[in-house]
Amino acid sequence: MIDFVLHFDKHLLEFVRLYGPWVYGLLFGIIFAETGLVVTPFLPGDSLLFATGALAATGVLNPWLVFGLLALAAFTGNAVNYAIGRRVGPAIFTASDHASLLGRLMNRDYLDRAHAFFESYGGKAIILGRFVPIVRTFVPFVAGAAKMTPAAFILFNAIGAAAWVGLCVLAGVLFGNVPIIKNNFSLVTIGIVVVSLLPVLIEFLRHRRDPPSRGPGAGRR
């Protein structure tokens with residue numbers, strides 16, 4: 001799996017040679033699973049889109065078809081993940097044993113807070129979460145469990161899917177065939193993941209340095 005992710009450019013070219021047009025379906029399935037199933041966050045996302053853009057720039061794949069199909073895969077994947085979270089999420093939070101570690105993590109109070117968060121800032125979370133590996137797999141599930149307004153989710157899901165796929169594929173088209181990048185794709189893949197995680201790390205450090213105020217009277221009983 002690690003080799004598959006780090007050298008996806010070579011594997012993708014081999015897939016095209018073996019399966020021809022069916023490779024579009026394979027790409028659709030990977031992006032759909034990576035964004036739509038909470039059990040497959042390890043699948044390649046950013047690196048797959050970058051490699052696909054680089055291959056499309058050579059004429060092997062149709063760039064417009066790639067963008068349309070993969071944006072649709074990202075949108076429908078998140079929509080399915082949201083629907084699953086909306087269906088089973090509240091039951092999981094309600095049924096959890098609060099004496100266990102899982103029960104403490106699935107505390108119903110957290111779900112209520114998540115609902116308030118998604119009603120106020122859900123658009124940012126849905127769009128920006130697209131660009132963070134692993135996080136993008138869980139955000140729609142939590143949004144569904146927290147009962148984020150469906151109309152708002154659909155709108156921001158569409159924007160996020162188009163932005164994520166468009167930017168990553170375009171980066172591959174523009175830079176994927178530059179010799180130094182093409183010859184060091186595994187390092188580029190690691191770099192993409194590191195850059196994607198930087199906003200989360202910066203936000204974490206910012207909160208560690210400046211913890212949110214508890215408000216007046218918070219310490220009084």
Side-chain angles (χ1 to χ4, degrees), residues 5 27 30-53 66-86 89 105 110-175 188-212:
V5 172
L27 294 172
I30 293 175
I31 291 297
F32 176 87
E34 198 257 359
T35 59
L37 304 176
V38 293
V39 295
T40 53
F42 54 84
L43 289 173
D46 305 306
S47 59
L48 179 149
L49 295 174
F50 185 85
T52 302
V66 161
F67 169 74
L69 279 176
L70 299 190
L72 178 62
F75 175 85
T76 54
N78 258 24
V80 168
N81 211 344
Y82 170 86
I84 294 172
R86 195 173 178 88
L105 292 175
Y110 295 159
L111 188 59
D112 294 336
R113 292 178 193 173
H115 173 74
F117 171 83
F118 277 105
E119 289 302 302
S120 300
Y121 308 106
K124 286 183 181 179
I126 298 300
I127 294 174
L128 297 180
R130 279 284 187 186
F131 294 88
V132 184
I134 300 179
V135 170
R136 64 172 156 261
T137 306
F138 292 99
V139 165
F141 180 86
V142 176
K147 302 288 186 182
M148 180 181 179
T149 305
F153 177 81
I154 290 171
L155 172 63
F156 293 115
N157 182 26
I159 295 171
W164 177 53
V165 173
L167 288 174
C168 290
V169 169
L170 180 61
V173 169
L174 296 177
F175 307 111
V188 172
T189 299
I190 295 172
I192 290 173
V193 173
V194 170
V195 171
S196 300
L197 291 174
L198 279 179
V200 176
L201 177 60
I202 292 171
E203 190 67 14
F204 173 76
L205 293 175
R206 188 176 71 82
H207 277 276
R208 284 287 300 272
R209 187 187 62 194
D210 303 313

Side-chain donor/acceptor pairs under 3.5 Å, residues 166-173, sequence neighbours excluded:
none

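The side-chain heavy atoms of Thr35 and Arg130, taken from C-beta on, include a pair separated by under 4.5 Å. Ile31 is listed as a side-chain neighbour of Leu49, based on a closest heavy-atom distance under 4.5 Å. At a threshold of 4.5 Å between non-hydrogen side-chain atoms, the residues Leu69 and Leu27 do not count as touching.
Annotation: side-chain hydrogen bond (donor to acceptor under 3.5 Å, both in side chains) contacts involving residues 71-82, sequence neighbours excluded, comprise Asn78-Asn157, Tyr82-Arg86. Counting only residues at least two apart or on different chains, the salt bridge (Lys or Arg N to Asp or Glu O under 4.0 Å) pairs with a member in residues 32-42 are Glu34-Arg136.
Nearest approach of Val139 to Ala125, heavy atoms of both residues: CG1-O, 3.9 Å. The two atoms that bring Gly36 and Ile84 nearest to each other are O-CD1, 4.4 Å, heavy atoms only. Annotation for Thr52 and Leu48: closest pair OG1-O, 2.7 Å, computed over non-hydrogen atoms. Of all heavy-atom pairs spanning Ala74 and Ala161, the tightest one is CB-CB, 3.9 Å.
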Practice prompt. Evaluate side-chain contact (heavy atoms from CB on, under 4.5 Å) for Leu72 paired with Phe32, printing each intermediate quantity in order.
Written response: CA-CA 9 Å; Leu72 178 62; Phe32 176 87; over 6 Å; no
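For the atom pair CZ of Phe156 and OG1 of Thr149, the computed distance is 10.5 Å after rounding to the nearest 0.5 Å.
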